[in-house]
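One structure is given here, and the rest of the page talks about it.
Note: hydrogens, waters and symmetry copies are ignored here, and every other heavy atom, side chains too, is used. Order of the sequence lines sets the chain letters (A, B, ...), proteins ahead of strands, with each chain counted from 1.
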Amino acid sequence: MFDRELLQRPATEVAPLLLGARVSVGDVTVRLTEVEAYLGEQDPGSHAFRGPGRRNAVMYGEPGSLYTYFSYGMHVCANVVTGELGTASAVLMRAGEILAGIETARSRRGTSRTDADLARGPARLCVALGITLADGGLDLQSGRVRLELPDRVEAFATGPRTGVSGAGGGEDYPWRFWIPGDRTVSRYLQHKPKKGP
DNA sequence: GTCGAGATTATCT
DNA sequence: GATAATCTCGACC
């Protein structure tokens, strides 16, 4: 199913609902196991914090669109745009489990050894699905990239965002959501225990 | 299995 | 010119 009204809610509410959702591109289908919420201009960790720009314009647009961006030069990451028109909230798809088209995904990601690695991480997910910058702004209901929401809400866990530099990371923004116990959840996002006194 | 450091380019100031 | 919502690789247990 694809409920656009559901996607008009703030990213922090939509994010847990996207867990277990299926994303399909061509022959490849992925089940989302980890996502992260970004609340636009009120969120210091968001690309939209400093206002609209060429890169993040899609985030201000229709909920249910695909927002793609380049990070660290070589990597592409994909978001689902949420919130009402004019708000810059979005949910970053961080990891997933390949349900179909695993051979296509494998051939695109020659470096992965295990199947669990194929879509573990935002950039890997995009490579496995074949999402590029050219797919940014597409409609997730009718475009090349399809999103299908789960029938039932999965059990989920929350935690602080990591990978966000400067303000916006840490415990003040516990907007990371994942399915507990899933092996496709990125390891470096798990709680890092510290050896302390 | 886990941990730590380096690479690389679109986008914005 | 600085910045970044990351990945890969090598070293170690």
Using atom [atom1] of [X] as one end and atom [atom2] of [N] as the other, report the distance to the nearest whole Å.
X	N	atom1	atom2	value
Phe49(A)	dC12(B)	CZ	P	17 Å
Arg108(A)	dC7(C)	CZ	C1'	18 Å
Arg109(A)	dC9(C)	CZ	C1'	14 Å
Leu125(A)	dA5(C)	CG	P	18 Å
Glu36(A)	dT6(C)	CD	P	7 Å
Asn56(A)	dA5(C)	CG	C1'	12 Å
His75(A)	dT11(B)	NE2	P	16 Å
Trp178(A)	dA5(C)	CH2	P	19 Å

Report task. Determine whether the side chains of Tyr60(A) and Glu41(A) contain a donor N or O and an acceptor N or O closer than 3.5 Å. Result -> yes
Query raised in the report: Reckon Gly53(A) touches a base, only the sugar-phosphate, or nothing at all at heavy-atom distances under 4.0 Å?
Result: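 Sugar-phosphate contact only.
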Query raised in the report: Within the structure shown, what part of the strands sits under 4.0 Å from Met59(A) by heavy-atom distance: base, sugar-phosphate, or nothing?
Result: base
Query raised in the report: What do you reckon, do Tyr38(A) and the base of dA5(C) stack, with centroid distance below 5.5 Å and planes below 30°?
Result: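 Yes, the aromatic ring of Tyr38(A) stacks with the base.
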Query - Under 5.5 Å and under 30°: Tyr69(A) stacked on dA10(B) - result: no
Requested in this report: For dT13(B), give its Watson-Crick or G-U wobble partner with both distances under 3.5 Å, or none.
Outcome: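 When the pairing criteria are applied, nothing turns out to pair with dT13(B), so the answer is none.
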**Report entry** Pairing nucleotide - dG4(B), Watson-Crick or G-U, each distance under 3.5 Å
**Finding:**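 The base-pairing partner of dG4(B), which may sit in any strand shown, is dC9(C).
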Between [X] and [N], is there a side-chain N or O to OP1/OP2 distance below 4.0 Å?
X	N	answer
Arg55(A)	dT9(B)	no
Arg50(A)	dT13(B)	yes
Arg176(A)	dA5(C)	no
Arg124(A)	dT8(C)	yes

Query raised in the report: Just by modelled atom types, is the Val127(A) backbone N or O under 3.5 Å from a matching donor or acceptor in the Arg108(A) side chain?
Result: yes
Query - 4.5 Å side-chain heavy-atom contact, Leu149(A) and Leu18(A) - result: yes
Report task. Decide yes or no for Ile179(A) and Arg31(A): does some side-chain heavy atom of the first lie under 4.5 Å from some side-chain heavy atom of the second? Result ->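 Yes; the side chains approach each other to less than 4.5 Å.
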Query raised in the report: More than 12 foreign heavy atoms under 6.0 Å from CZ of Arg106(A): is that the case here?
Result: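 For Arg106(A), atom CZ is crowded (more than 12 foreign heavy atoms under 6.0 Å).
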Requested in this report: From the options dA4(C), dT6(C), dA10(B), select the nucleotide whose nearest atom is closest to the side chain of His47(A).
Outcome: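 Nearest listed nucleotide: dA4(C).
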Report summary line: Assign each of Met74(A) and Leu133(A) the nucleotide of DNA chain B bearing its closest heavy atom; nearer the 5' end lies the nucleotide of Met74(A)
